[in-house]
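Since the structure comes first, as structure tokens, the remarks are kept for the end.
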Amino acid sequence: MERRAQFATRIGVVATTVGSAVGLGNIWRFPYEAGTHGGGAFLLCYLFFIFVIGIPVISAEFVMGRSARSCILGAFRTHSGGRRWDGIGYCSILAAILILSFYSVVAGWTMEYTVESVAGHLGGVADAGRHSEFDRFISGWRPVIWMIAFLVLNALILLGGVKKGIERVSNILMPVLFLILLAFCVNSLLMPGASDGLKFLFTPDFSAITPGVVLGAMGQAFFSLSIGLGCMMTYSSYFSDRTPIVKSATTTALLDTLVAVLAGVIIFPAVFSFGMEAEAGPKLVFEVLPSIFSRLHGGEVWSTLFFFLLVLASLTSTISMSEIFIAFVCEEFHMSRRAATILLTLIAMGLGTLCALSFGPLVDVTMFGKTIFDLFDYVSSNILLPLGGMVISLFVGWRLDRNTLTSQLNSNGRLPRWVIVWLLISLRYIAPLCILAVFLAS
Ligand code: PFF
């Protein structure tokens, strides 16, 4: 039997899982979700979900993936001894395809903005002009071309294989990303009126916590941590037996949260400093930030760096969500990695085209009042991922063999007993009940 590929180093493990978690979710989605859901109130709920549900669910995914050493379907089959849980595996694969489709569209926007910034086209345009420029751009066909270009890039990295492709790329890109973000933070904090932005982000207005805010924050936590769809499960099937599971899960959650908060600290002071709209929605980063950059010294350089960073962060995330599908078809249908990558890329290009056009020619095609783009995002983030997270918690908490659970959690023999007890309580009761409560309330 062919030996399953493994990540070479511990740094590689952290860099790849953080690389998966950190992406457009932190830098594009978190600020706009926080902006439309009241700032501090949203952040508070988000932090609750990250720490109370997120860390246990990542740990649960790691336990299942590493002990089964297979994709999400195989992991459920190995641990349950049957095919009864296949449905949840198929839901996860569907979620991964939906996310890849709309995510590649936004990643495509960032490629257009990177190229435009290099060409100096973002500087010096008045706000009104820029707004209509963005609307014109997303309502045309160019986003389709960029989405396709992004997916081709994604496929090329995936074809490099687990160790050579994903690990090497992540190792180089992640530290660069942190450095650039830090530079932006300093820059934003020095703007006049920065404190209003910080107040908006860090002072929760408790009366603003509605079921919608809570559901949004939960969806954002799952999306941002890449959990609930077997992404972390698939990655952990490449972990070595000695990788400490709880420590890796906690590191991933902390670094991911740090990046989201940094993104907020970059964006809100700037938004308030220039008297702009925090509620701009998905357009926030693409409309507000370039306007801000154009008023800075060396705005084109800032803008190029920022959008280039977004492209990189997107790639390390899309290669991880692609891996869910690729591991599945390779294992289930004995397809070659190459054929699986090409198949996924073609499917995502088809669905991605629908998403890209839902800001233009397909804007009137709606379901439940949502465009195709919004529907893909809402269904995957707010429904499929939390549902997947709930099933994974219940499965690992109640169904998984207890010896497997403790030996996986404590693979280096140094985990205090209370951590295992706490994780078990969280997986059995707290996480599933919280998710259920949010679903019922909203
Ligand atoms: N966590 C990624 C982000 O925040 O951008 C998005 C993501 C990656 C979601 C991988 C799901 C996934 F499987």
Side-chain angles (χ1 to χ4, degrees), residues 15-34 46 49-50 54 57-58 61-62 65 71-72 88-89 91-110 150-151 154 157-158 166 169-170 173-174 177 181 216-237 249 252-264 282 285 309-328 344 348 376-389 392:
T16 37
T17 52
V18 175
S20 164
V22 173
L24 290 170
N26 308 63
I27 296 162
W28 160 73
R29 203 174 185 280
F30 173 80
Y32 96 66
E33 284 280 329
Y46 173 74
F49 287 117
I50 292 282
V57 174
I58 311 184
E61 288 206 16
F62 284 175
C71 71
I72 178 160
I88 191 74
C91 276
S92 310
I93 291 158
L94 172 70
I97 294 174
L98 293 183
I99 296 177
L100 181 64
S101 308
F102 76 81
Y103 203 93
S104 302
V105 172
V106 182
W109 298 347
T110 63
F150 179 82
L151 282 169
N154 181 58
I157 296 178
L158 283 164
I166 301 176
V169 171
S170 303
L173 303 190
M174 284 303 100
L177 190 145
L181 276 177
M218 182 168 81
Q220 174 62 24
F222 275 81
F223 185 88
S224 192
L225 292 179
S226 317
I227 53 174
L229 74 172
C231 173
M232 290 299 178
M233 207 181 284
T234 307
Y235 261 16
S236 63
S237 71
T252 305
L254 286 176
L255 290 176
D256 184 64
T257 307
L258 180 69
V259 175
V261 174
L262 283 184
V285 168
L309 166 93
L310 279 184
V311 177
L312 300 189
S314 311
L315 274 171
T316 53
S317 297
T318 50
I319 52 183
S320 75
M321 62 186 92
S322 307
E323 199 61 29
I324 301 171
F325 178 91
I326 292 172
F328 163 68
L344 174 67
F376 279 22
D377 184 355
Y378 188 87
V379 169
S380 52
S381 313
N382 288 5
I383 300 174
L384 292 175
L385 301 193
L387 208 61
I392 292 169

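Numbering of ligands and ligand atoms starts at 1, following listing order.
For the 3.5 Å distance criterion, the side chains of Ser322 and Asn154 qualify, holding a donor opposite an acceptor. Residues Ser20 and Ser317 have side chains that never bring a donor and an acceptor to within less than 3.5 angstrom of each other.
Atom CG of Leu98 and atom CG of Leu94 lie 4.5 Å apart (nearest 0.5 Å).
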Measure and list all N/O to N/O distances between ligand 1 and the protein that fall under 3.5 angstrom.
unit_1   : atom_1 : unit_2 : atom_2 : d
ligand 1 : 1 (N)  : Ser20  : O      : 3.3
ligand 1 : 1 (N)  : Ala21  : O      : 3.0
ligand 1 : 1 (N)  : Phe223 : O      : 2.8
ligand 1 : 1 (N)  : Ser224 : O      : 3.0
ligand 1 : 1 (N)  : Ser226 : OG     : 3.0
ligand 1 : 4 (O)  : Ala21  : O      : 2.9
ligand 1 : 4 (O)  : Gly25  : N      : 3.4
ligand 1 : 4 (O)  : Asn26  : OD1    : 3.3
ligand 1 : 5 (O)  : Leu24  : N      : 3.2
ligand 1 : 5 (O)  : Gly25  : N      : 2.8
ligand 1 : 5 (O)  : Tyr103 : OH     : 2.4

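Counting heavy atoms from C-beta outward, Phe223 and Ile99 have side chains that approach closer than 4.5 Å.
Aromatic rings of Tyr46 and Phe30 (six-membered ring for Trp) have centroids within the 6.0 Å cut-off, being under it.
Applying the salt bridge (Lys or Arg N to Asp or Glu O under 4.0 Å) rule to Asp256 yields no partners; only residues at least two apart in sequence or on another chain are considered.
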